[in-house]
Amino acid sequence: MHAELERQFRDFAAARSAPLRRFAYLLCADWHLAEDLVQSAFVKLYRAWPRVQRRDTVEHYARQAVLRCWLDERRRPWRRTELRDGVVPDVRDRAADVAGAGQGAWTRDVMLRALAEVPPRQRAVLVLRYWEDRPVAEVAAVLGCSEGTVKSQAARGLDTLRRAVAHAELGSAT
C-alpha cells in the first residue's frame, strides 16, 4: 500500500476505533471480544482500503465488517471457548467500564442482560437503529435486507427486549 493510503487508513482507524468498539460491545456485551471484533474488522478494511476509501462508504463498510465478524463469532463459539479450570485469568477493571459512565450498575446490568436475550439479527437491528441512531435505509444496507425486514426485526426485537426487562425487574423484586 502506498504511504498516503497507509496514512489515510491509520487516520481513519484512530478516529473510528472507539465508536466501532462501542458498537461491537453493544452487540456482544464483552469488551475484550469487542476489541477483537474491531481488530478483525480493521484487518478486513485494511485489505480493501484501496477500493473502499475512494467511496463515501468507508464508515458503512467498517460497521458491516464488525457486524459480520460478530455474526461469524456467534456461529463458531466452540472454536474460541476458554478452558474452565477454575482459575480466573485476570480481573476486570471496573473504572475502565465506559458503558457504566453516568448510569447505575443495576440499570446497565438489566439492559445488557435483556439485550443478550434478543436474537442476534434483531439485536443488530436494535443497536444500529436505536443506539447508533441510523436511518432504516442505512440499517437495511448494512444488514443486506429490505427496509420492511428492518422494521419488523426492530418491532420484534423491542418486544423481546421489553419482555426481558420486565422479567428481570420482576425477578429482582422478589
Side-chain angles (χ1 to χ4, degrees), residues 16-42 59-60 62-84 86 88-174:
R16 301 307 302 160
S17 62
L20 287 173
R21 184 173 166 251
R22 283 191 298 272
F23 170 65
Y25 175 76
L26 289 170
L27 293 173
C28 68
D30 179 356
W31 284 111
H32 299 292
L33 179 57
E35 289 173 359
D36 291 345
L37 294 173
V38 171
Q39 182 67 31
S40 297
F42 278 149
E59 177 74 23
H60 171 78
R63 287 189 185 287
Q64 191 171 37
V66 169
L67 178 65
R68 288 189 177 162
C69 287
W70 174 65
L71 289 173
D72 288 344
E73 181 72 25
R74 298 248 333 152
R75 290 183 192 116
R76 295 187 291 270
W78 53 269
R79 203 176 76 184
R80 290 180 171 72
T81 57
E82 67 182 54
L83 298 175
R84 305 213 184 257
V88 178
D90 55 4
V91 179
R92 181 175 165 198
D93 181 9
R94 299 220 182 259
D97 188 1
V98 179
Q103 295 179 354
W106 181 84
T107 304
R108 184 183 68 245
D109 280 348
V110 167
M111 285 307 295
L112 289 177
R113 276 189 270 131
L115 193 58
E117 291 184 28
V118 177
R121 192 83 168 167
Q122 293 173 9
R123 187 182 330 166
V125 168
L126 292 179
V127 169
L128 286 167
R129 184 76 179 101
Y130 299 109
W131 181 267
E132 296 283 326
D133 199 27
R134 302 288 174 187
V136 172
E138 186 176 332
V139 174
V142 169
L143 296 176
C145 62
S146 70
E147 292 182 21
T149 301
V150 169
K151 292 174 185 177
S152 67
Q153 291 291 311
R156 290 182 186 130
L158 286 172
D159 286 342
T160 304
L161 190 63
R162 283 187 195 105
R163 284 193 304 274
V165 168
H167 179 70
E169 288 176 345
L170 287 176
S172 66
T174 57

Problem - Pairing residues for Ser146 by the side-chain hydrogen bond (donor to acceptor under 3.5 Å, both in side chains) criterion, not counting sequence neighbours - result: Thr149
Handout entry: Under the salt bridge (Lys or Arg N to Asp or Glu O under 4.0 Å) test, residues paired with Arg63 that sit two or more places apart
Key = Glu59, Glu132
Problem - Leu27 and Phe23, any side-chain heavy atoms less than 4.5 Å apart - result: yes
Problem - Contact check, side chains of Leu26 and Tyr130, non-hydrogen atoms, under 4.5 Å - result: no
Exercise for the section: List for me each residue that meets side-chain contact (heavy atoms from CB on, under 4.5 Å) alongside Ala62, sequence neighbours excluded, and say none if there are none. Expected result: Phe12, Leu20, Leu45
Handout entry: Sequence-distant partners of Arg156, side-chain hydrogen bond (donor to acceptor under 3.5 Å, both in side chains), two or more places apart
Key = none
Fill in the blank from the handout: Shortest non-hydrogen pair, Val165 vs Ala114, comes out as CG2-CB, 3.6 Å
Handout entry: salt bridge (Lys or Arg N to Asp or Glu O under 4.0 Å) against Arg163, all qualifying residues, sequence neighbours excluded
Key = none
Fill in the blank from the handout: One should read off an interatomic distance between Glu117 CD and Leu115 CG, to the nearest 0.5 angstrom, of 10.0 Å
Exercise for the section: Please list, chain by chain and in numerical order, all residues satisfying side-chain contact (heavy atoms from CB on, under 4.5 Å) with Gln64, sequence neighbours excluded. Expected result: His60, Arg68, Val142
Problem - Minimal non-hydrogen separation, Thr160 against Pro119, with atom names - result: CG2-CD, 4.3 Å
Problem - Residues that Glu147 engages under side-chain contact (heavy atoms from CB on, under 4.5 Å), provided they are two or more places apart - result: Val136, Ala137, Ala140
Practice task
With the side chain counted from C-beta on, respond yes when Met111 and Leu161 share a heavy-atom pair under 4.5 Å apart, and no when they do not.
Solution key: yes
Problem - Least distance between heavy atoms, Pro120 atom then Leu71 atom - result: CB-CD2, 4.2 Å
Problem - By side-chain hydrogen bond (donor to acceptor under 3.5 Å, both in side chains) - contacts of Arg134 (at least two apart) - result: Glu138
Problem - Shortest non-hydrogen separation from Leu37 to Cys28 and the atoms involved - result: CD1-SG, 4.2 Å
Problem - Test side-chain contact (heavy atoms from CB on, under 4.5 Å) applied to Leu143 - qualifying residues, sequence neighbours left out - result: Leu67, Arg121, Ala124, Val125, Leu128, Val139, Cys145
Completion exercise
In this structure, CZ of Arg74 is separated from SG of Cys69 (nearest 0.5 Å) by 14.5 Å
Problem - Pairs flagged by salt bridge (charged side-chain N to carboxylate O under 4.0 Å, His left out) wherever residues 28-40 is involved - sequence neighbours left out - result: Arg21-Glu35
